[in-house]
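Everything on this sheet refers to the single structure shown next.
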Amino acid sequence: MNNNNMSLLWDTVLNDLESKGNDPMIWAMHLSSKLTCNGVILPSPDLAHVLVNHICWENNNPVSWKFLEKALLFNLVPPLLLLALLANRVIPKRQTQPAAFRLYMELLKRHAFKLKSHVEFKNYEVIMNSIDNVLHLSQIFGIKVNDPGSLLLQFVFSTVWQLVEAALGDEGLLELTEERKFRWNVPQDMELDGPGSYNGKRNEYQEILQSRNTMMAVELIGLFLQNKVTSRILFLARRNMPTHWSSFIQDIEVLAVNSSSLRNSKVMTPENLLQLISDDRKDMSKDNKTSYLQESHSAMSSSAGLSHKVSGSCLWIPIDLVLEDAMDGTQVDTTSSIEIVTRHVKALQALNGTTWHESFLGLWVAALRLVQRERDPIEGPMPRLDTRLSMLLSITTLVVSDLIEDEENMPQNKMDSQTAQDCKEKRRMDLVSSLQSLGDYESLLTPPPSVIPAANQAAAKAMLFTSGISVGSSAYFDLVNMKDVAINFSGNLHHLIVEACIARNLLDTSAYFWPGYVTGRINQMPHGVSTQVPGWSTFMKGAPLTPVMVNALVSEPASSLGELEKVFEIALKGSDDEKIAAASILCGASFIEGWNVQEHSMYFMTRLLSPPLPANYSGNESHLIAYGPMLNVLLVAIAPVDCVQIFSLHGLVPQLAGSLMPICEVFGSCAPNKSWTLPTGEEISTHAVFSNAFALLLKLWRFNHPPLEYGVGDVPPVGAQLTPEYLLLVRNSQLVSPYKDRNSQRLSEVAKISCPDHIFVDSFPKLKAWYRQHQACLASTVSGLVHSPVHQIVDTLLTMMFRKINRNQPLNSVSGSSSSSGPGSEDMSLRPKLPAWDILEAVPFVVDAALTACAHGRLSPRELCTGLKDLADFLPASLAIIVSYFSAEVSRGVWTHVNMNGTDWPSPAANLANVEEHIRNILAATNVNVPRLFAGISSPFTLPLPLAAFVSLTITYKLDKASQRFLNLAGPALEALAAGCPWPCMIVVASLWTQKAKKWSDFLCFSSSRTVFLHDNNAVAQLLKSCFTATLGLNNSLVSTHGGVGALLGHGFGSNLYGEINPVAPGFLYLRMYRSIRDIMFLRDDILSILMQCVKDIACNGKSLKGKQASLATSLTKVKLAAQLAASILWISGGQGLVQSLINETLPSWFISTHIMDSNENTPTGAVSMLSGYALGYFTVLCGAFAWSVDSSSSVSKWRSKFLGSHMEFLASALNGKITLGCDSVTWHSYVTAFVNLMLGCMPNWVGEVNIEILKRLSHGLRQWNEEELAVMLLEAGGLGTMGAAVELVCQTDS
């Protein structure tokens, strides 16, 4: 109809309304027929406007309201639009029109809760837009998403809020609210005599009606908050409109506390109203599930399932694994252990549903177990107790500190105002209670022998404090002062942990008074105790840095940042000797044992490696040269395995690399004409400083591995990205990190202070040139030297190396000059005075010429090794080039094998059988059997010539501190090289080295056992299987049937009474082995297959339990434990790349494929199918939490939306029939429901990152399964984008 016809139609309607004697029922029936004949879509928004305009206020009488009621009854007008129109007209006039307000509320009570029919109207969207135009909802709430569902939510929210403000205004309480004005119902004229007021005067009846209206309004508010549909809609408003909800809650609280109508109501009490808006009502109640599948679904999505008959330690196995994994010194990590452990604690706390008390306690206990695994260590070049204590007392404490600070710094709008402060205090209180409970773990608190003095010192400090005796201004009073105190302090690791927490302001000294913390009392200090011995106290009072003072400060850790800052200032501004002394102090006990200030010690050490340009400096050479002696002290101190690993734990490897590169560039470009004599009497040159810096830099990435290993398929092996470019990329990214977690801020501050500018490899031309040559040598053979400017250096070096050898034929077959020097002398003049970079450029060609000469018999093996050793002694950095050359040449496979017969080359025969037997025993202890590898080991024993030369060179080194720095560089490379050669090359190498270093024999045999897995992927699968059976206690005779972390990780490298290595637990062996696996992609399928087999075994074992519920709970417990272990191993093995590959590729392929179920009658196929789905769901979510974090505070979270969205796209497509699945339907159903349930219950913020359309499609698929509740919850968690769809689904589902 055109506008003129419509206008005539509404005029007819008005005439009918005004005609006397019209029956409302007959009028409504005729009008319905007339509107339908005229093509008007019912219910009609225009008719609603006509009727309300008619009543307000010229025809405000009972008859008009009857017509309005019949129009609603016959569906002629949309109820919600009518209510919106009436609210605009009636509520502001409620004082003068109490009857109209009463009728409005009656209509509201009758129609506002029937929302299902409303969303099913054909013109639903038109109606909601009309409501928006009437109430201006979009403008008031400021929500850009204005789909019909969102407008419906805003309508319900505004309706309740209007009632609240009306009640506040009627009772004179509006002044008590924050805004002190009406948000919705700004009163119009309040004339007492208005049209339609019946008698025109306020009378007693009206006052009574107004009072009753206020009470009804209050009761309606309660009804909206109680009703299943509207309360859920209001919950969505709370979730997506926190600012408006906060104001709304404040108004409700004022009403609840002060309303007399509410106190007089028989339907609603103030307490009930407050309860309806409390935190306890956040999660909507769910219908009870009765079927077997639904019961297990419920158990799976609750934390109770995991705690049933499981020791607390099993909850935290991923923490144990990640802590132990960080102890492997074969490779450093660019990611701080603080970030990794924090991510794991958050993930497990969310998924296990544990309290923070339990989470903190689980973390402390796991860290204590880490230390206790070093109780009886074997000898070897690997991280030792210092690294483990750093993890317990520094890293773990920083993790806890960050978790506390993370909660306390959470923005107010992230939490409801009434609970924000409670949450902040609760987490800190949980930390206190966890530390108090830690005292019950006596066996774990026993300190290692080397730590007993520090533990006694911490206990003594507490005892002195509780005894009222001052310990002076220094928190770390010198132990020498306590020697004469005849008291057994009984200090343990608990005292050190508490002291670490006090130092970081996580606790106060009231902890000293905890029951049982201190076991004695000191009445007074002995009179003979001196208080003026050299130490930090006297140093801070101004005592000079005498040799005695330096020794004292080197051996005793600092207790505060201020003490370290004073030392740092001396290192920058003091004399040359003071600089060396200050550097020595920073690298001493404050670095290794100063757990409370350890990160600050490393920050200062890193800054000293990049000292600032002096103010009055005017020299031509780099200012770094003047700092040579101090830099050398720092480089030598950082070089040991433990120290490098501690830098790695704190995430300082990128910073360290950025500081080392300028040192290498400058000192490598200098001729060795400048030297220094250290206070110890040692003389060092620029070559020595360069070699120490260069060797340390190369330890930070797998420099000797071919580029081929840097990537397999689309996913690189974990850690393989550690190249110089990548290290600098990470370091530069820390300068501009957008992430606000405390650890990222710490690293960013260090980067900015050390060097605020970006650093690139291009900034170091000499280093870049060497690196490019290094890559070329790894990729291809050494090219000829004709017309090459480096050939003169090659000849000079060959002459120096083989000066004692008289040969008629030159070693270098390319150069025309002779390399022989005839009967040589020890004249130092033979050593070229060349910059280190020039020498390193020539070394590959030198080694190639020497090795070629040896292969052709012009050089004996002994002469070859002696010459290479002379070269390495001349420039220790050249050992790295020798290592990379040998690694590349062995991988090419072009060199002949030489006989290790004891004549030309050293023989392994003396103890090869013992080494082989030892390796067999190590593997047998973990149920790994690879008979084919051990079947063909027999004499003669051969090695590729480069490998034979390499191992012969390494065994010429002494096992002293000076050589250790370079053996730590060559050792891992030798192991990797031997492991990559045909079996049994590694056994031969290990046998040779055990003859050299008998005390390392256990370590060498263990290292050799790891290489078995490189030659047989089936051995890897066997070891993985052992990890699962040991942890779950599944019928394994060789491990504890109790399972758990003890069976998985055992006691580390322990020795028995006979000095032999104890059997190594499977998990421990795996953590020391997996980094050597070149193709990690097969682990996805292996882990998935083993997990499914474990589920089957668990289900079969569960059949013997009495009662279906007990069987289900026990099975679910072990299934979740198996899934935890699977997720941990997968993430540790391949990091984020392998997890993303699993979720994007492996899981979809697994679901699409057909899996044949075991037809064994003893196998409960239904239970297996269901539990398999839940195991996969838990496994997938936990993998995602480890890889992407549960929140968005970490940089890894930026990848989450992409891969999570891709997986949920797959789920939605499969649910909606676009993808055909081959797996069991029960498994698929249980997987999807478990995955969605866990994500919603534990990581709801993930849902908001997924594309809105995908969420809607997935929700639609869940509804087809009759999983309406899950479908609604999914849309509820989707944020503003899915809020409207969630509202509509709530209306359709729950009405």
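Worth saying up front: this structure is predicted, and the values here are computed from it rather than measured.
- Residue K766 qualifies as open at atom NZ: its count of foreign heavy atoms under 6.0 Å is 12 or below.
- When side chains are defined from C-beta on, L392 does not count as touching L496, because their heavy atoms never get closer than 4.5 Å.
- Salt bridge status for R746 with E599: absent, with no side-chain N to carboxylate O gap under 4.0 Å.
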Candidate pair F604 and V567, rule side chain to side chain contact (heavy atoms under 4.5 Å, CB included), full reasoning: CA-CA 9 Å; F604 287 132; V567 176; over 6 Å; no
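- Not one N or O on the side chain of W595 forms a donor-acceptor pair closer than 3.5 Å with the backbone of I497.
- A salt bridge does not link D402 with R504: every distance from a Lys NZ or Arg NE/NH1/NH2 to an Asp or Glu carboxylate oxygen is 4.0 Å or more.
- In terms of heavy atoms, P679 sits closest to D577 at CG-OD1, 4.5 Å.
- Without hydrogens or angle criteria, T396 side chain to M391 main chain gives a donor-acceptor distance under 3.5 Å.
- Between the side chains of Q598 and S390, a donor-acceptor pair is found at a separation under 3.5 Å.
- In this pair, W536 and F539 present their aromatic rings perpendicular. The plane angle is above 60°, beyond the 30 to 60° band.
- Formation of a donor-acceptor pair under 3.5 Å by the S748 side chain with backbone atoms of Q745 is not found in this model.
- Counting heavy atoms from C-beta outward, N732 and F760 have side chains that approach closer than 4.5 Å.
- Between H600 and Y603, the angle of the ring planes goes over 60°, which puts this pair in the perpendicular group of the 30/60° scheme.
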Full working for side chain to side chain contact (heavy atoms under 4.5 Å, CB included) between H687 and F690: CA-CA 5 Å; H687 273 186; F690 169 80; 5.7 Å; no
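- Checked for salt-bridge contact, R742 and D406 miss the test: no charged N lies under 4.0 Å from a carboxylate O.
- Neither side chain, E405 nor S401, offers a donor N or O lying under 3.5 Å from an acceptor on the other.
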Salt bridge (Lys or Arg N to Asp or Glu O under 4.0 Å) between D870 and R831, intermediate numbers included: CA-CA 10 Å; D870 286 347; R831 296 194 167 192; 5.9 Å; no
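- E725 has a carboxylate O that lies under 4.0 Å from a charged side-chain N of R772, or vice versa, which qualifies the two as a salt bridge.
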Chi angles and distances behind the side chain to side chain contact (heavy atoms under 4.5 Å, CB included) call for Q457, E556: CA-CA 12 Å; Q457 187 177 0; E556 186 69 21; 3.4 Å; yes
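- The two atoms that bring L697 and L767 nearest to each other are CD2-CD1, 4.4 Å, heavy atoms only.
- Between the S691 side chain and the A688 main chain, no donor and acceptor come within less than 3.5 Å of each other.
- Within the 3.5 Å criterion, the main-chain N or O of G628 finds no donor-acceptor partner in the side chain of N632.
- Smallest separation of non-hydrogen atoms from I663 and V689: CG2-CG1, 4.3 Å.
- Counting all heavy atoms, side chain and backbone alike, L879 lies closest to Y957 at CD2-OH, 3.7 Å.
- For the pair L868/V847, a side-chain contact is recorded, criterion being any heavy-atom separation below 4.5 Å from C-beta on.
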Side chain to side chain contact (heavy atoms under 4.5 Å, CB included) evaluation trace for V332 with V644: CA-CA 8 Å; V332 298; V644 173; 3.6 Å; yes
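- Side-chain contact between Q734 and Q655: present, with at least one pair of heavy atoms (C-beta onward) separated by less than 4.5 Å.
- Remark: side-chain polar atoms of S590 are paired, donor with acceptor, to backbone N or O of A558 under 3.5 angstrom.
- Taking the six-membered ring for Trp, F667 and Y627 have ring centres at least 6.0 Å apart.
- M602 is listed as a side-chain neighbour of F591, based on a closest heavy-atom distance under 4.5 Å.
- Between the side chains of T330 and D328, at least one donor N or O lies within less than 3.5 Å of an accepting N or O.
- No donor-acceptor distance shorter than 3.5 angstrom exists from the side chain of E683 to the backbone of S675, with no hydrogens or angles considered.
- Put simply, the side chain of K699 gets close to the backbone of A639: a donor and an acceptor are under 3.5 Å apart.
- A donor-acceptor pair is defined here as one N or O able to donate and one able to accept, closer than 3.5 Å; no such pair exists between the side chain of E593 and the backbone of A589.
- The main-chain N or O of P611 is found under 3.5 Å from a side-chain atom of H623 such that the two form a donor-acceptor pair.
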